[in-house]
Amino acid sequence: MHHKGMLIFKILRTDEWQALRDQGETTGAPVDIADGYIHFSTAQQAPETAAKHFAGQDGLFLLAAQTDALGDALEWEVSRGDALFPHLYRTLTLADVQWAQPLPLKNGAHQFPAGLEEAAQ
């Protein structure tokens, strides 16, 4: 795979991010727990993920993780639109998180960090 050494992204609600900070690890959102893995997105996929699964939701956080640091527990699997999505088959730890920042909602659209797409290349 060509997915070495890149950042992938996880969107968490405020309470989920708070729980990760408090406990040092998380099994993710309810959908992650139900599916048995933690859903991630690439930089290109993240805005679509936000629009599809978090439409109109404020109080979100965007977390970045480095694929190399996640190791063999990270699998790339076909998901919506036949695209490969990164799925993490273990808990996400605070140490895995490269950075996290708010994902504010403005005029109904989530405001992703400037340069996110470029940073992902």
Side-chain angles (χ1 to χ4, degrees):
M1 302 291 279
H2 60 286
H3 298 301
K4 286 285 177 204
M6 63 183 276
L7 288 178
I8 53 174
F9 301 91
K10 177 69 187 164
I11 297 168
L12 290 181
R13 297 171 185 91
T14 300
D15 59 333
E16 295 160 357
W17 169 229
Q18 190 65 53
L20 170 55
R21 289 169 65 191
D22 290 346
Q23 294 153 23
E25 64 177 15
T26 182
T27 46
V31 65
D32 299 317
I33 296 163
D35 287 347
Y37 55 81
I38 298 179
H39 295 257
F40 275 84
S41 300
T42 65
Q44 290 83 1
Q45 293 162 344
E48 186 186 308
T49 296
K52 188 172 195 278
H53 297 287
F54 300 93
Q57 289 190 39
D58 210 350
L60 300 178
F61 282 82
L62 183 70
L63 279 57
Q66 177 65 254
T67 53
D68 289 356
L70 300 175
D72 293 340
L74 188 70
E75 302 270 349
W76 291 81
E77 296 175 319
V78 174
S79 187
R80 65 171 185 258
D82 287 334
L84 286 172
F85 279 75
H87 296 153
L88 184 64
Y89 284 87
R90 66 164 170 79
T91 58
L92 176 68
T93 69
L94 202 51
D96 293 326
V97 180
Q98 296 274 97
W99 51 257
Q101 55 191 70
L103 194 58
L105 193 66
K106 288 193 186 139
N107 303 321
H110 293 103
Q111 303 299 303
F112 279 81
L116 181 67
E117 298 266 350
E118 293 75 23
Q121 300 305 323

Distance, nearest 0.5 Å, that separates [atom1] of [X] from [atom2] of [Y]:
| X | Y | atom1 | atom2 | answer |
| --- | --- | --- | --- | --- |
| W99 | F61 | CH2 | CZ | 12.5 Å |
| L103 | Q111 | CG | CD | 8.5 Å |
| T91 | I38 | OG1 | CD1 | 6.5 Å |
| L63 | W17 | CG | CH2 | 5.0 Å |
| F112 | Q101 | CZ | CD | 10.5 Å |
| L12 | L60 | CG | CG | 9.0 Å |

- salt bridge (Lys or Arg N to Asp or Glu O under 4.0 Å) against R13, all qualifying residues, sequence neighbours excluded: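 Applying salt bridge (Lys or Arg N to Asp or Glu O under 4.0 Å) to R13 gives E16.
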
- Query: What residues form a salt bridge (Lys or Arg N to Asp or Glu O under 4.0 Å) with E48, not counting sequence neighbours?
  - Reply: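 Scan of E48 (salt bridge (Lys or Arg N to Asp or Glu O under 4.0 Å), adjacent residues dropped) gives R80.
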
- Query: Given the rule that I, L, V, M, F, W and Y join up when any side-chain heavy atoms are under 4.5 Å apart, are F85 and L70 in one cluster?
  - Reply: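 Result: no, two separate clusters.
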
- Query: Are Y89 and V31 grouped together when hydrophobic residues (ILVMFWY) are joined by side-chain heavy atoms under 4.5 angstrom apart?
  - Reply: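 Shared cluster, no.
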
- Task: Flag the pair T49 / F9 as yes when at least one side-chain heavy-atom distance between them is below 4.5 Å, and no otherwise.
- Result: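 Not in contact.
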
How close do [X] and [Y] get, counting heavy atoms only, and between which atoms?
| X | Y | result |
| --- | --- | --- |
| G28 | I33 | O-CD1, 3.8 Å |
| H110 | A50 | ND1-CB, 3.6 Å |
| P86 | Q45 | CD-OE1, 3.9 Å |
| L7 | Q98 | CD2-CG, 3.7 Å |
| G5 | D68 | N-OD1, 2.8 Å |

- Where at least one partner belongs to residues 29-38, residue pairs that pass side chain to side chain donor-acceptor pair (under 3.5 Å), sequence neighbours excluded: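 Pairs touching residues 29-38 that pass the test: K10-D32, D35-H39.
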
- Query: Who pairs with D72 by side-chain hydrogen bond (donor to acceptor under 3.5 Å, both in side chains), at least two apart in sequence or on another chain?
  - Reply: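 Counting only residues at least two positions away or on another chain, D72 forms no side-chain hydrogen bond (donor to acceptor under 3.5 Å, both in side chains).
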
- Item | Results of side-chain hydrogen bond (donor to acceptor under 3.5 Å, both in side chains) for T27 - residues two or more places apart only |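 Listed in chain order: nothing, the list is empty.
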
- Between T67 (side chain) and M6 (backbone), is there a donor-acceptor pair under 3.5 Å?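 Yes, because the side chain of T67 sits within donor-acceptor range (under 3.5 Å) of the backbone of M6.
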
- Query: Is the side chain of H87 donor-acceptor paired with the backbone N or O of G36 at a distance under 3.5 Å, no angle test?
  - Reply: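 Checking the backbone N and O of G36 against the side chain of H87, no donor-acceptor pair under 3.5 Å is found.
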
- Would E25 and L94 count as a side chain to side chain contact (heavy atoms under 4.5 Å, CB included) if you check the C-alpha gap in whole Å, the side-chain angles of each, and the deciding distance to 0.1 Å? CA-CA 6 Å; E25 64 177 15; L94 202 51; over 6 Å; no

- Task: Mind jotting down which residue pairs meet the salt bridge (Lys or Arg N to Asp or Glu O under 4.0 Å) criterion with at least one end in residues 85-107? Sequence neighbours excluded, please.
- Result: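 Residue pairs with at least one partner in residues 85-107: R90-D96.
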
